[in-house]
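Okay, structure first, notes after.
The analysis underlying the following values was restricted to heavy atoms, covering all of them including side chains, and did not include hydrogens, waters or symmetry mates. Note that the numbering runs from 1 along the sequence shown for the chain.
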Amino acid sequence: MQNAGNYNPLDDERSHADGPNRPGQVDQAVDDTIRLNWREKLVEGGLIMVMVGTMIGVLVVLTSLITMRNTLEELAPGFTEAGSIPFIILVVVAVAIGNVCSFSCAPYIIRLLFRGNELTDERMDRAVKHLVSVTGMDIRVEKIYAIKGKTANAVVAGLFRKAQCIFFTNRLLERMSEIEIMAALAHELAHGRHRHPSKVFLVLLLWTLGVQVFLSLIDYYAYFDSLNESWKMWVYLGINLVNVFLLILLVLFPLSRRHEYQADATAARWVGTDLYKQALYRLHQINDQLKPPRKFLAKLGTHPTLQERLERVGSLE
């Protein structure tokens, strides 16, 4: 893989209207940062999209589990008793089906909620050609969409690489220079290159399998058999909520931050560390995220802080 570390973004982009900001420099002439209220943060942070995707996944999981269990009960009564090996397999299969549907629906949910339109932009064509030349790889970009958004952001969605879509908010396309957009594209392509969505999917299945095996070993289902059905429902709901909370806090958030570091490192090698650091800084500047959050809040985020990301990218030099 060719290293683009000698690529100087300032040589190509002297004519950018606002002037590209280097890390540590703030453009005093133009204050184009944005500040969102709590409702806008729910939308821009992707929480609504996650909630819709989760609801789809849960509905598919429950429908699949009930359907398969009822079918097997008719064929072999008692074969799928709660806590048994067949039951554990059924749960894992149902979760797999539900997450495939949820991941596969994500690109369509984003397009629907954020009014996405397929992007035809010469800057993207030039960015892809440059990335192909410096990496020597056959980089596939299935579809790139422009979506409405008050923040500068980009995201890749979809489970399988050939079906993935990349989304750029209008704010990013309007406020970032062409070479900074190329760096953002490189980051999203790096997620696909490392198959991060597929790895998250696999982690979800392994977590489900581990939890079900643990519950079986402690004879969890038999312990609550003495409860009446209404209490049993609330107990199951509470335990499942704790399970989801632990999954997010202990597994998904740390994994997401690790994936961001990995995508940063790959993209920086593709476009050059100086340009990539510039694009990172500019993105956080536009979104009014230059100030580092409190330490405990940083641990609850899907992305590392700007300072952490700049340090990691700087260590590659």
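Not one N or O on the side chain of Arg309 forms a donor-acceptor pair closer than 3.5 Å with the backbone of Tyr261. Using a distance-only test at 3.5 Å, with no hydrogens or angles considered, a donor-acceptor pair links the side chain of Lys199 to the main chain of His194. Using modelled atom types, no side-chain atom of Glu118 and backbone atom of Ala146 make a donor-acceptor pair closer than 3.5 Å. No donor-acceptor pair under 3.5 Å is formed between the side chain of Ser104 and the backbone N or O of Leu159. Panel note: side chain Glu311, backbone Glu308; no donor-acceptor pair is recorded below 3.5 Å. At distances below 3.5 Å, not a single donor-acceptor pair connects side-chain atoms of Glu188 with backbone N or O atoms of Ile166. A donor-acceptor pair under 3.5 Å links the side-chain atoms of Ser133 to the main chain of His130, judged by distance alone. Put simply, the side chain of Arg282 gets close to the backbone of Arg175: a donor and an acceptor are under 3.5 Å apart. With hydrogens and angles ignored, the 3.5 Å screen pairs no side-chain donor or acceptor of Ser102 with any backbone N or O of Ile56.
Taking the side chain as every heavy atom from C-beta outward, Ser216 and Ile88 approach each other to under 4.5 Å. Contact check for Phe167 versus Pro107: side-chain heavy atoms found under the 4.5 Å cut-off. No side-chain heavy atom of Glu180 sits under 4.5 Å from any side-chain heavy atom of Tyr281. Proximity of Leu204 to Val251: side-chain heavy atoms (C-beta onward) are nowhere separated by under 4.5 Å. Side-chain contact between Met176 and Leu283 is present, with heavy atoms from C-beta onward closer than 4.5 Å. Here the side chains of Val155 and Thr169 are not in contact, with every heavy-atom distance at 4.5 Å or above. The closest side-chain heavy-atom distance from Phe245 to Leu241 is not below 4.5 Å.
For Ile85, the CD1 atom counts as loosely surrounded, since its 6.0 Å shell holds 12 or fewer non-hydrogen atoms of other residues, nucleotides or ligands. Applying the 6.0 Å contact sphere to CZ of Arg123 captures more than 12 heavy atoms from other residues, nucleotides or ligands.
Judged by distance alone, the side chains of Ser256 and His303 never bring a donor and an acceptor atom under 3.5 Å apart. A donor atom on one side chain and an acceptor atom on the other are found under 3.5 Å apart for Asp264 and Tyr276. With no hydrogens or angles considered, a side-chain donor-acceptor pair links Arg111 and Tyr145 at under 3.5 Å. At a cut-off of 3.5 Å, with distance as the only test, a side-chain donor of Gln262 or His196 sits close to an acceptor on the other residue.
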Please report the C-alpha distance between Leu172 and Thr151 in whole Å, then the side-chain angles of each, then the deciding distance to 0.1 Å, and finally whether the side chain to side chain contact (heavy atoms under 4.5 Å, CB included) criterion is met. CA-CA 7 Å; Leu172 183 150; Thr151 58; over 6 Å; no

If you apply the rule side chain to side chain contact (heavy atoms under 4.5 Å, CB included), what do you find for Met124 with Ile181, and how did you get there? CA-CA 8 Å; Met124 286 297 170; Ile181 292 173; 3.4 Å; yes

Test side-chain hydrogen bond (donor to acceptor under 3.5 Å, both in side chains) applied to Glu260 and His187, step by step: CA-CA 9 Å; Glu260 290 303 317; His187 178 90; 2.8 Å; yes

Steps toward side chain to side chain contact (heavy atoms under 4.5 Å, CB included) verdict (Val95, Trp207): CA-CA 10 Å; Val95 169; Trp207 177 272; over 6 Å; no

Would Arg257 and Thr302 count as a side chain to side chain contact (heavy atoms under 4.5 Å, CB included) if you check the C-alpha gap in whole Å, the side-chain angles of each, and the deciding distance to 0.1 Å? CA-CA 6 Å; Arg257 293 193 292 270; Thr302 57; 5.9 Å; no

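For the atom pair Leu113 CG and Lys148 NZ, the distance stands at 14.5 Å (nearest 0.5 Å).
Here Arg126 pairs with Glu122 in a salt bridge; the nearest charged N to carboxylate O distance falls below 4.0 Å.
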